[in-house]
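Numbering of residues begins at 1 and proceeds along the displayed sequence. None of the values given here were measured: they were computed from a predicted structure.
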Amino acid sequence: MPQVFTVRAAVLVRVPSGEKEDTAREQWERCGLLFSLVDDSGQADGTAVYRVEVRLQGSRLGALSEAERRVMSALAGRVTAQIGDATLLEPEEARTTVSTWHVYRTTERAPGWASRLWVHVGGADLHRRVRLEGPGTREEALAALRLRPDLGGVVFDEDRHDVRPGIASAHALRPRDPAPWHTRALGLPGMGVGAGVLLFAWVLGGLGVWWQLALAPLLPLSAWWVGSWIADRERHPRMIVWLCGFALVGGASICGFTIRVISPALGSVGVLRPAGVLLVGLLVLRGCVYALRQSWFSRNAAALLPIAVVPLAWVLPWMGRLVQGVYLTVCLGVPLSAANVDPLWMYLAGLKLAALCIAAALCGLAALGWSRHFYWITGSKSYCVVIVSTFTALMTAVVMMVGLSSANTAAERTAMQAAAGEDLSSFFGISARRVCVRPLDKANTAAQPGPLPADHPVVMFNVTGDETWLWDPQRAKGTTNLAERALRVRTDQITTRPAAHGALTCPPL
């Protein structure tokens with residue numbers, strides 16, 4: 001598979017003539033470097049000057065140093081060479097562009113703005129199109145269709161058909177023109193603008209109606225500027241350019257506004273958290289692309305992805321039981337076996353923790369990608385691998401603690417709800433209810449640790465087996481250890497009935 005490169009560099013290298021020169025040529029050829037002899041006039045010092053071309057895929061920053069390093073490392077210490085000059089090369093020629101022209105059905109009615117818009121969005125298109133080298137013109141597209149009006153499918157008829165240009169940006173049609181940063185709609189600038197629009201709409205959703213009416217027009221105005229990234233203003237009507245921009249701006253703004261509207265149901269997330277998540281997510285996404293493109297993993301992804309997914313069948317249940325065990329056993333002191341939990345909830349609990357761990361792993365992969373993009377990993381591979389591995393391990397430990405802290409938060413919420421007489425929230429399938437307990441034989445009923453609370457409601461989880469585990473919100477007042485409030489009693493020695501909402505006492509026996 002041919003290697004795609006983004007940067008070319010030329011390095012002038014002075015090597016000893018004779019046998020050492022042949023060795024240098026063999027080493028460069030073995031490493032895939034292009035070289036040509038510049039000066040072999042038999043200088044007094046007995047050296048020859050070669051021009052070695054190095055092709056890199058990465059940033060222009062640091063490309064010269066990386067090119068010099070590759071030229072020297074290719075010699076493997078077998079030849080004593082000296083670098084004389086190095087420079088970055090401009091692209092040899094612009095890539096060949098192809099424009100697409102779609103055939104559509106004309107109408108006999110006077111064309112209004114609605115019918116013209118319908119045509120330009122492809123509503124009247126037929127199943128035929130022609131491609132031309134370069135930007136092309138309408139006349140060239142019609143001439144190409146006249147040469148072969150019938151290909152066995154849609155027959156082109158000039159009286160009933162016409163052509164329209166396909167959506168393409170100005171730089172895509174004229175790549176020889178300088179490409180400003182804002183024309184890269186699918187690159188980091190475009191992603192950054194999309195993130196900025198999302199945050200703007202998120203803030204806009206929390207403002208008053210008058211502020212929303214005053215600031216909302218900024219979104220359709222920005223769509224006119226963003227639309228030129230996607231559609232060339234010289235080839236497409238203004239409405240099409242605006243609609244292309246509004247597809248990007250409108251989609252991002254709707255997402256941001258919707259998130260703000262539903263945020264009260266999800267809890268307060270503040271302003272810095274979504275902004276930080278978006279910015280970090282963009283950097284991680286781009287870093288992962290740098291790490292995986294033209295790599296061993298990308299060449300073998302079809303075989304590796306199924307192997308990577310198979311362990312999740314064992315990892316997810318383990319992580320799910322870990323989260324549920326921290327909530328029930330570690331925080332509340334009740335064995336996990338005492339709760340009857342649907343296995344589906346166990347997988348969902350593990351999925352949340354696994355997603356956090358995968359996010360930490362992607363951060364480490366992105367760090368490798370950025371190191372690869374700026375050539376840090378090629379100069380000191382062992383150092384970068386050790387640093388990134390340590391960083392990934394720390395990130396994984398942090399996200400594990402963050403994921404398990406949700407279980408502690410849920411346990412504290414359950415304790416507060418039980419103490420206030422409120423209905424208890426479930427946690428990944430572990431449901432509980434407030435009940436009043438009555439012993440069948442008070443003298444022969446034993447609770448460990450006793451005594452059995454009968455004057456106030458207690459928390460009871462799903463009954464499994466011969467023992468019932470209870471959690472007393474009023475036991476051991478003054479302690480912060482919630483696990484000390486758990487007790488167990490034989491199921492056949494007690495009866496229970498639901499406690500009334502808000503009731504803090506039970507009726508007398």
Side-chain angles (χ1 to χ4, degrees), residues 97-132 134-142 144-145 154 156-175 177-187 189-198 200-201 204-205 212-258:
T97 61
V98 177
S99 59
T100 304
W101 295 79
H102 299 269
V103 179
Y104 68 91
R105 183 184 298 105
T106 58
T107 60
E108 298 178 356
R109 296 175 300 177
W113 69 270
S115 60
R116 289 195 300 268
L117 179 61
W118 180 252
V119 167
H120 286 293
V121 298
D125 283 359
L126 300 174
H127 296 290
R128 185 167 184 181
R129 59 189 176 189
V130 64
R131 299 182 184 274
L132 303 176
T137 61
R138 176 177 175 273
E139 289 71 19
E140 293 176 354
L142 293 175
L145 290 169
V154 176
F156 176 72
D157 186 352
E158 289 191 64
D159 296 331
R160 297 186 298 113
H161 300 153
D162 204 344
V163 293
R164 68 171 185 86
I167 300 297
S169 63
H171 178 63
L173 296 171
R174 295 181 291 275
D177 296 342
W181 67 271
H182 60 269
T183 61
R184 300 165 58 187
L186 300 180
M191 295 172 65
V193 170
V197 171
L198 192 149
F200 175 79
L204 190 65
Q212 291 178 354
L213 294 177
L215 298 178
L218 295 177
L219 292 174
L221 290 178
S222 63
W224 170 249
W225 173 61
V226 176
S228 62
W229 304 4
I230 306 171
D232 184 14
R233 293 180 179 176
E234 297 180 3
R235 297 166 60 90
H236 302 96
R238 296 181 178 180
M239 180 60 68
I240 296 300
V241 176
W242 182 83
L243 286 176
C244 290
F246 191 74
L248 178 62
V249 174
S253 60
I254 290 175
C255 291
F257 191 85
T258 304

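- The minimum heavy-atom distance between Leu198 and Cys255, with the atom names listed, is CD1-CB, 4.1 Å.
- For Arg138, the salt bridge (charged side-chain N to carboxylate O under 4.0 Å, His left out) partners at least two apart in sequence or on another chain are Asp162.
- In this structure, Ala223 and Phe246 approach most closely via the heavy-atom pair CB-N, 3.5 Å.
- Rounded to the nearest 0.5 Å, atoms CH2 (Trp101) and CZ (Arg129) are 14.5 Å apart.
- With sequence neighbours excluded, the residues that form a salt bridge (charged side-chain N to carboxylate O under 4.0 Å, His left out) with Arg164 are Asp125.
- At least one side-chain heavy atom of Leu142 sits less than 4.5 Å from a side-chain heavy atom of Val163.
- Contact detail for Ser253 and Leu219: the closest heavy-atom pair is CB-CD1, 3.8 Å.
- Under the 4.5 Å side-chain criterion, counting only non-hydrogen atoms from C-beta, Phe156 is not in contact with Leu126.
- Note that CZ of Arg160 and OG1 of Thr106 are 8.0 Å apart. Values are rounded to the nearest 0.5 Å.
- With sequence neighbours excluded, no residue forms a salt bridge (charged side-chain N to carboxylate O under 4.0 Å, His left out) with Arg131.
- Side-chain contact between Leu145 and Arg128 is present, with at least one heavy-atom pair separated by less than 4.5 Å.
- Contact record, Ala252 with Val197: CB-CG1, 4.0 Å, taken as the closest heavy-atom pair.
- Of all heavy-atom pairs between Gly166 and His102, the closest is CA-CD2, 3.8 Å.
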